[in-house]
Amino acid sequence: MRIVVIGSGTAGSNFALFARKLDRKAEIIVIGKEKTMQYSPCALPFVLSGKIPKLENIIVFPNDFYEKQKIQMMLETEAKEIDRERKVVVTDKGEVPYDKLIIATGSKAFVPPIKGVESEGVFTLKTLEDVKKIQAYIEKRNPKKAIIIGAGLIGLEGAVAFRELGMEVVVVELLDHLLPTMLDKDTASIVQSHLEEKGIEFKFGVAVSEILGNPVTAVKVGEEKIEADLVLIATGVRANVELAQRAGLEVNRGIVVDEYLRTSDPDIYAIGDCAEVFDAVTGKRTLSQLGTTAVRMAKVAAENVFGKNVKFRPVFNTAITELFDLEIGTFGITEERAKKEGVDVVVGKFKGSTRPEYYPGGKPITVKLIFRREDRKLVGAQIVGGERVWGRIMALSFAAQKGATVEDIAYGETAYAPPISPTIDPITVAAEMALRKFK
């Protein structure tokens, strides 16, 4: 069997490795635009800040590792067309026939049509090349003030990186609070206060209307002119679906796949940022543009290419980050989105400490749990705190994936040791708060 993968990023590279584990003889060819196979885009802000000393450190495996796995790489190669009748991928370096095709074309940074967006000193943060350009600009211009457009994950991680490099930082967000797809306004305000204490300024409910100067000297935010000598655009990403569209595959915001990750053509699969999957709470199609999702999709698609018939489970979009010394973890639906989607929810919220009151060193932690009223199931969580947020959010996410109810969380077994956690965990107390509100 000849398997061709379009895309050498997280989804494509992991698919190739999973496929090789399942079949030592299959011919596996990966077509990719970049010079390397998989690297970690999530690590890019930490390269900027200097926490990761070298850009090449975030390349997961060197290219010769894939060669040893007998995975053929066609890097610095662009797939131009998919000829489904002939089962051929047309590239800028020739045609590549396939038996099974995996589309893992990923996503690209969305750049809104702002006047001056092409000026020197305006960047996105999505690729290795983006980091190289930013680093070169910093070395050349020594910028003092950065404007970040967008208060999502990449925007905030970029803001922290620039602040750690000694710049003044202003974050501009069109909506009324930061991390608007991940947090409700009440939990977002905790993060905002923490970042403001670290010297990051925020402007909400306004848009950048123009970027002035070339190189950039200022931006217009509403009617206000703010001086700046570096601008980072972090207004989200868009799925790369053009190749699939031209091939006549079904496409919405992403490439439409079934529960086995097959497209409308049974010999073609789509995985990673470019593919639409199902939301675990609403049941609607959604994009899950997370590295963890890409790896899981790669694993499931590899199993199915070899006839295993494994279903890809609907997503809760579990995500974590750390901003300075504050951890943030979320999954599922927010209270605000639940109202828009018409999902009746019950919320439990508790602010406590990561350790018993008598043990020194405990840090504040806020837990917000969201349960669906009709079946009492856990459908979302937001945790913000000084430590051990990641473990709690993963445990809750696994519980939600298994259909845990408010009673399961409120009466569930937890662990206790004074240096690590209190006898009654904050997630238990938050669930108890919600339980009282059920009739």
Side-chain angles (χ1 to χ4, degrees), residues 1-7 9-19 21-23 26 28-31 79 81-89 97-107 237-318 331-333 341 343 379 397 400-403:
M1 184 189 300
R2 172 181 273 219
I3 304 166
V4 175
V5 184
I6 303 175
T10 301
S13 293
N14 276 283
F15 172 88
L17 292 174
F18 286 130
K21 287 179 183 178
L22 293 169
D23 191 308
I28 302 171
I29 302 168
V30 179
I31 302 167
E81 302 290 340
I82 299 168
D83 187 330
R84 290 166 55 196
E85 287 189 9
R86 296 168 55 222
K87 298 186 77 169
V88 163
V89 178
Y98 67 85
D99 296 311
K100 297 290 183 182
L101 178 64
I102 314 300
I103 302 177
T105 45
S107 59
V237 298
R238 297 292 184 270
N240 290 321
V241 299
E242 296 79 9
L243 193 64
Q245 278 180 321
R246 292 197 299 271
L249 298 174
E250 187 179 354
V251 171
N252 291 324
R253 286 194 304 150
I255 302 168
V256 175
V257 296
D258 64 13
E259 57 191 349
Y260 301 100
L261 303 179
R262 294 175 302 214
T263 67
S264 49
D265 183 322
D267 289 325
I268 302 177
Y269 294 72
I271 58 175
D273 282 9
C274 66
E276 278 189 354
V277 290
F278 290 98
D279 185 285
V281 181
T282 66
K284 297 178 180 179
R285 289 191 176 275
T286 188
L287 293 168
S288 181
Q289 294 167 325
L290 298 168
T292 47
T293 302
V295 173
R296 290 192 299 115
M297 293 177 86
K299 184 186 297 185
V300 170
E303 297 271 5
N304 290 332
V305 163
F306 293 107
K308 297 291 183 71
N309 292 322
V310 177
K311 293 181 180 180
F312 183 78
R313 298 175 182 180
V315 297
F316 280 96
N317 283 334
T318 308
F331 72 82
I333 203 165
E341 295 277 359
V343 180
V379 292
S397 176
Q401 290 169 52
K402 300 301 291 184

Ignoring hydrogens, what is the shortest heavy-atom contact between G106 and C274? Give both atom names and the distance. O-CB, 3.5 Å
So do the side chains of I103 and I271 get within less than 4.5 Å of each other, counting heavy atoms only? no
Closest approach of A79 to V89 (non-hydrogen atoms, all atoms of both residues): CB-CG1, 3.9 Å
Go through the structure and list residues passing side-chain hydrogen bond (donor to acceptor under 3.5 Å, both in side chains) with R253, not counting sequence neighbours. none
Using side-chain heavy atoms (C-beta onward) and a distance below 4.5 Å, is R296 in contact with V315? yes
Nearest atoms (heavy-atom pairs only) where Y269 meets R262: CE2-CG, 3.3 Å
Donor-acceptor contact present, side-chain N304 to main-chain Y260, <3.5 Å: yes
Please round to the nearest 0.5 Å and tell me the distance separating atom CE of M297 and atom CG of D273. 9.0 Å
Test side chain to side chain contact (heavy atoms under 4.5 Å, CB included) on V4 and K100 and set out the steps. CA-CA 6 Å; V4 175; K100 297 290 183 182; over 6 Å; no
Checking D265 side chain against D267 main chain: does a donor-acceptor pair fall under 3.5 Å? yes
Identified side chain to side chain contact (heavy atoms under 4.5 Å, CB included) counterpart of Y98 within the set I82, I29, I6: I82
Do F306 and I3 touch side chain to side chain, with heavy atoms closer than 4.5 Å? yes
Do the side chain of S264 and the main chain of E250 share a donor and acceptor less than 3.5 angstrom apart? yes
Minimum heavy-atom separation for A19 and I28, please, with both atom names. CB-CD1, 3.8 Å
Applying salt bridge (charged side-chain N to carboxylate O under 4.0 Å, His left out), run through R2 and D99 and close with a yes or a no. CA-CA 5 Å; R2 172 181 273 219; D99 296 311; over 6 Å; no
Nearest 0.5 Å, please: how far is NZ in K21 from NZ in K299? 8.0 Å
Heavy-atom closest pair (G272 atom, A11 atom, distance to 0.1 Å) is CA-CB, 3.8 Å
Would one find more than 12 heavy atoms of other residues, nucleotides or ligands at under 6.0 Å from atom CZ of R84? yes
Any donor-acceptor pair under 3.5 Å linking the side chain of T293 with the backbone of Q289? no
For the CD atom of Q401 and the CZ atom of F331, what is their distance to the nearest 0.5 Å? 8.5 Å
Rounded to the nearest 0.5 Å, how far does CG of L22 lie from CG of L17? 11.0 Å
To the closest 0.5 Å, what do you measure between CG (L243) and OG1 (T105)? 6.5 Å
Between L287 and E276, is any pair of side-chain heavy atoms under 4.5 Å apart? yes
Go through the steps for K284 and D279 under the test salt bridge (charged side-chain N to carboxylate O under 4.0 Å, His left out), then give the verdict. CA-CA 5 Å; K284 297 178 180 179; D279 185 285; over 6 Å; no
Could you please spell out the steps behind the side chain to side chain contact (heavy atoms under 4.5 Å, CB included) verdict for V88 and E81? CA-CA 8 Å; V88 163; E81 302 290 340; over 6 Å; no
How close do A301 and F15 get, counting heavy atoms only, and between which atoms? C-CE1, 3.7 Å
With rounding to the nearest 0.5 Å, note down the distance linking OG in S107 to CG in N240. 6.5 Å
From the list I255, L101, I102, V251, side chain to side chain contact (heavy atoms under 4.5 Å, CB included) with T263 holds only for I255
Non-neighbouring partners of F312 that pass ring pair (Phe, Tyr, Trp, His ring centres under 6.0 Å), sequence neighbours left out: none
Could you walk me through whether V343 and V379 pass side chain to side chain contact (heavy atoms under 4.5 Å, CB included), step by step? CA-CA 10 Å; V343 180; V379 292; 5.5 Å; no
